[in-house]
Amino acid sequence: MPLFDLTKSKKQVRGIRRRTLKMILEAGRSSMPNEFGAILRAEGDVIDQLWLIPGTESGESAALFRLHMLPVDFSIVGTVHSHPSGGCWPSGADVELFRRFGYVHLIVCEPFGPDNWACYDGNGEERPLEVVG
Ligand code: ZN
């Protein structure tokens, strides 16, 4: 029996902590005009931690995540990155990244207000994500 059941945990992530989302939006705003990127980690069924990847460079999001640097950690559920200009829709490169890694992906976009974010699954389809207080 595997130690971690990824299929099970996939169904379990239902939300994100309000303060974590706020932190993401603030990071997106303060990184302007550059892109901000991080890994999302969940405690139970709620995303509550951001993990900045060392050596992350600004630029195309698919290049932001140096996946080979990641340790095996099953609390990692996906990624977040910002779009300094344009909307919260994933680019072709974004969808390729989503398919390779994780199953909950956030994009935050200008002007980084409380509603300027969207959540996608591993296929780049928009999915609901509850904001938990
Ligand atoms: Zn993107």
Side-chain angles (χ1 to χ4, degrees):
M1 189 183 160
L3 280 175
F4 301 98
D5 186 343
L6 283 176
T7 313
K8 198 177 164 197
S9 65
K10 227 177 221 186
K11 287 173 191 152
Q12 282 178 350
V13 170
R14 68 177 169 96
I16 183 167
R17 292 260 171 248
R18 192 176 301 277
R19 63 174 165 76
T20 309
L21 180 61
K22 204 177 157 206
M23 202 182 293
I24 290 169
L25 290 163
E26 278 167 10
R29 198 181 302 125
S30 63
S31 299
M32 290 272 282
N34 295 319
E35 205 173 277
F36 149 81
I39 298 298
L40 298 174
R41 298 177 76 199
E43 176 75 39
D45 61 357
V46 175
I47 294 164
D48 73 343
Q49 272 187 64
L50 291 182
W51 191 3
L52 299 173
I53 300 302
T56 298
E57 290 157 25
S58 300
E60 192 52 43
S61 60
L64 275 175
F65 300 99
R66 297 178 178 183
L67 301 180
H68 63 279
M69 292 180 67
L70 290 176
V72 176
D73 180 342
F74 292 104
S75 62
I76 295 172
V77 296
T79 66
V80 56
H81 73 279
S82 69
H83 283 175
S85 60
C88 284
W89 300 277
S91 67
D94 290 342
V95 175
E96 275 176 45
L97 170 71
F98 297 171
R99 286 197 177 123
R100 284 208 312 268
F101 176 79
Y103 54 89
V104 185
H105 300 279
L106 290 181
I107 296 178
V108 293
C109 50
E110 207 191 11
F112 304 105
D115 298 322
N116 298 123
W117 62 280
C119 185
Y120 300 92
D121 66 15
N123 291 314
E125 302 290 333
E126 199 160 2
R127 56 155 281 175
L129 190 70
E130 202 180 315
V131 179
V132 182

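Bear in mind that the values here come from a model prediction, so they are computed numbers and not experimental data.
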Checklist line | Single-linkage hydrophobic cluster Val132~Leu21, side-chain heavy atoms < 4.5 angstrom | finding: no
Notebook entry, point to check: Val77 versus Arg41: any side-chain heavy-atom pair under 4.5 Å?
Noted result: no
Next item on the list: Mind listing the closest non-hydrogen atom pair of Cys109 and Gly86 along with its distance?
Entry: CB-O, 3.7 Å
Check: Can you get from Leu106 to Val95 by hopping between Ile, Leu, Val, Met, Phe, Trp and Tyr side chains that sit under 4.5 Å apart?
Finding: no
Item checked: Point-to-point distance, once rounded to the nearest 0.5 Å, from CZ of Phe36 to CD of Glu26 -> 10.5 Å
Check: With under 30° as parallel and over 60° as perpendicular, where do the rings of His81 and Phe98 fit, or are they tilted in between?
Finding: tilted
Note to self: Under the criterion side-chain contact (heavy atoms from CB on, under 4.5 Å), I'd like the reasoning laid out for Asp94 against Tyr120: C-alpha separation, chi angles, the key distance, then a yes or no.
What the structure shows: CA-CA 10 Å; Asp94 290 342; Tyr120 300 92; over 6 Å; no
Margin query: So which atom in Ala118 and which in Glu126 form the shortest heavy-atom distance, rounded to 0.1 Å?
Written below: CB-OE2, 3.9 Å
Checklist line | Side chains of Pro84 and Glu35 in contact at under 4.5 Å (non-hydrogen atoms) | finding: yes
Next item on the list: Output, in order, the C-alpha distance, side-chain angles, deciding distance and verdict of side-chain contact (heavy atoms from CB on, under 4.5 Å) for Val80 and Ile47.
Entry: CA-CA 11 Å; Val80 56; Ile47 294 164; over 6 Å; no
Next item on the list: Give, for atom CG of Asn116 and atom CD1 of Ile107, the distance between the pair rounded to the nearest 0.5 Å.
Entry: 13.0 Å
Checklist line | Salt bridge present between Arg127 and Asp121 (N-O < 4.0 angstrom) | finding: no
Margin query: Apply side-chain contact (heavy atoms from CB on, under 4.5 Å) to residues Val108 and His83 and explain how you reach the verdict.
Written below: CA-CA 6 Å; Val108 293; His83 283 175; over 6 Å; no
Item checked: Atom pair CE/CZ of Met23 and Arg17 - distance to nearest 0.5 Å -> 12.0 Å
Next item on the list: Search all heavy atoms of Phe112 against all heavy atoms of Arg29 and return the closest pair with its distance.
Entry: O-NH2, 2.8 Å
Check: Measuring from Gln49:CD to Leu40:CG, what's the distance to the nearest 0.5 Å?
Finding: 10.5 Å
Next item on the list: Look at the side-chain heavy atoms of Ile, Leu, Val, Met, Phe, Trp and Tyr, link any pair under 4.5 Å apart, and say whether Val131 and Leu25 land in one connected group.
Entry: yes
Notebook entry, point to check: Would Val46 end up clustered with Ile39 when hydrophobic side chains under 4.5 Å apart are linked, directly or stepwise?
Noted result: no
Check: Roughly how far, to the nearest 0.5 Å, is NE2 of His105 from CG of Leu129?
Finding: 12.0 Å
Next item on the list: Drop me the distance from Met32's CE to Asn34's CG, to the nearest 0.5 angstrom.
Entry: 10.0 Å
Check: So, for Ser82 and Gly28, which heavy atoms are closest and what is the spacing to 0.1 Å?
Finding: CB-CA, 4.1 Å
